[in-house]
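All values reported here derive from a predicted model rather than from experimental measurement.
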Amino acid sequence: MALNYPAQPGDIDHLIADDHTVVDRLFQHLEAGRGDRRVLTDQIIVELSTHTVAEEVVMYPLWRTLGMDEFDDDARQEHGDMKELLATLSKTDPGEDEFEKALSELIEVTRHHVEDEEQEEMPAFRDKVGADKLAELGKQVLAAKRQAPPAPHPQAPDEGKIERAVGALAKPVDAAKAAVTGKNKHLATDASGLLDPQAQALVDAYSELTPRPSEILEPAEARKQPALGDGLKKVMRDRGIEYPEPVDSVKDVQIPDGAGGEQTLRVFTPANAAEGTQPIILWIHGGGWVLFDEDSYDSSCRGLANKTGAIVVSPHYRLAPEYVFPAAHDDVLTAWRWTAANAAQLGGDPSRMAIGGESAGGTMAAATTLQLVQAGEPLPAAQVCAYPLTTAEPHGESMTSEADGRPLRLPLLSWMAMYAFEGVPEAATDPRIDLLNWPRESLASMPPTLVITCERDILRDQGQEFAANLEAAGVPTTSSHYQGVMHEFFGAAPVLDKAEQAQRETAEHFGAAVAPGR
């Protein structure tokens with residue numbers, strides 16, 4: 001199911017619908033007989049336990065004040081049924097008759113509940129409370145989920161403040177039980193069975209670090225959570241692989257940002273660099289404009305420096321919500337211009353420069369090139385967009401089929417958009433974000449482009465469509481798709497063969513454009 005009307009990413013109804021999509025996708029894995037049934041069920045238990053509490057604490061109390069008593073009664077009854085079934089699933093195992101019966105009933109009850117909520121109850125709620133209030137209610141839902149116990153408590157009260165207080169007492173007990181049983185170590189993995197073994201090992205290692213879901217946290221707290229790169233470090237350490245990949249040198253340079261302040265530009269000089277000046281690649285980290293920094297993408301930059309023989313520079317642009325759109329874009333454009341003007345002091349050749357990035361960094365790579373076109377300035381010789389976001393709108397089947405993927409789930413994407421574009425609703429249609437609606441002349445202005453997409457990624461379809469649009473506009477375009485791997489896989493070359501392949505493909509693409517004599 002899905003909302004039958006538009007809603008902003010941070011609106012309460014949008015956040016609730018995202019949860020519905022993730023849970024239904026987990027149900028689908030179970031129905032198809034794929035993946036780890038125990039882990040999938042444990043993930044559903046946590047998802048629905050926190051989701052039901054958040055609705056009961058924030059949304060349902062308002063329904064009665066708005067004359068939605070009948071909706072409130074029905075929803076609470078269904079929540080009660082769901083909690084009883086979740087409790088049964090918690091204490092039984094896959095394959096047992098009681099487990100399988102409870103799972104079948106839970107799927108039926110939940111889907112009926114979701115259909116009523118999305119098609120009738122939430123549209124009525126939106127009309128009565130007013131669209132301008134829904135963003136604040138969305139933040140209240142996230143706050144309630146932070147405090148909600150991660151296990152079902154069917155006998156607990158389901159009324160506002162009382163439920164909040166009881167939940168606060170139950171949460172540490174539930175968390176302690178999960179730690180003792182080890183369940184907390186697989187709650188952030190991808191249990192679908194759709195990843196290849198190397199990718200699965202990496203995501204499992206990330207999950208073993210027990211990250212809290214960033215999409216319910218405040219940005220400052222979310223930035224402290226383990227990331228996929230930390231899972232990479234764990235796997236390398238466990239296997240005795242040297243970390244990080246050696247390069248000749250790494251140094252930080254302070255350069256201007258886009259607002260008259262400073263930003264850090266990290267400079268990676270490759271091992272065994274050739275004599276003379278080197279090509280320069282500006283590689284832009286991802287994180288949805290809210291998370292991560294140059295440390296998070298260190299492995300990508302080291303791998304590219306060594307495989308290309310180029311100097312790789314990576315800007316630490318300003319992040320939202322402290323600095324909303326277009327601050328990050330302004331900083332990246334400033335970093336490009338500064339690098340071009342100061343290439344010689346870095347040991348680089350300003351006539352042989354290229355640009356690329358991952359996720360939001362891939363978005364900003366193409367957006368920066370477009371801005372250079374508009375300003376009549378020299379363009380990158382080539383660009384690479386690795387699993388980029390190319391539209392702020394839900395796009396393609398992958399937005400639902402990969403909604404549960406790790407590390408980028410659908411709720412996290414909405415959370416990022418909520419903060420990145422807070423107070424700037426027009427950002428969604430700005431050409432620096434809405435790459436899919438570029439006119440043909442903008443597309444045709446792009447340099448040779450490599451677009452990398454991957455199977456377990458909600459951004460897969462929009463990245464592939466952007467590549468198709470470039471090719472249709474006559475741009476030399478390579479669209480490269482990797483099966484069995486997930487968003488953010490690119491930097492994991494030391495332990496993931498497909499990441500190694502993607503880095504080598506990227507190096508070849510850049511090398512063809514910035515090799516000496518080009």
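Aromatic pair Tyr419/Trp289: centroids not less than 6.0 angstrom apart. In this structure, the ring of Tyr387 has its center less than 6.0 angstrom from the ring center of His487. A centroid separation of less than 6.0 Å is found between the aromatic rings of Phe466 and Trp438. The ring of Tyr317 has its center no closer than 6.0 angstrom to the ring center of His329.
A donor-acceptor pair is defined here as one N or O able to donate and one able to accept, closer than 3.5 Å; no such pair exists between the side chain of Ser414 and the backbone of Pro9. Between the side chain of Ser359 and the backbone N or O of Gly286 there is no donor-acceptor pair closer than 3.5 Å. Side-chain N or O atoms of Gln225 include none that pairs as donor or acceptor with a backbone N or O of Ser214 at under 3.5 Å. Side chain of His51 to backbone of Val46: no donor-acceptor contact under 3.5 angstrom is found. Put simply, the side chain of Thr368 gets close to the backbone of Met364: a donor and an acceptor are under 3.5 Å apart. Looking at Asp36, its side chain never comes within 3.5 Å of a backbone N or O of Asp190 through a donor-acceptor pair. Between the Arg456 side chain and the Met486 main chain, no donor and acceptor come within less than 3.5 Å of each other. Side-chain atoms of Gln503 come within 3.5 Å of backbone N or O of Phe490 as a donor-acceptor pair. Thr189 places no side-chain N or O within 3.5 Å of a backbone atom of His186 that could act as its donor or acceptor partner. The main-chain N or O of Gly260 is found under 3.5 Å from a side-chain atom of Asp257 such that the two form a donor-acceptor pair.
You'll find the side chain of Ile280 stays beyond 4.5 Å of the side chain of Asp349, heavy atoms only.
Shortest non-hydrogen contact noted between Leu443 and Ala473 is CB-CB, 3.6 Å. Here the closest heavy-atom approach between residue Ala7 and residue Arg126 is recorded as CB-NH1, 3.8 Å.
No donor-acceptor contact under 3.5 angstrom links the side chains of Ser299 and Glu245, judged on distance only. The closest side-chain donor-acceptor pair between Ser479 and Glu471, if any, does not fall under 3.5 angstrom. Judged purely by distance below 3.5 Å, without hydrogens or angles, the side chains of Glu31 and His29 never pair a donor atom with an acceptor atom. If you check the side chains of Glu488 and Tyr297, you find a donor sitting under 3.5 Å from an acceptor.
The number of heavy atoms from other shown groups lying within 6.0 Å of OH (Tyr323) does not exceed 12.
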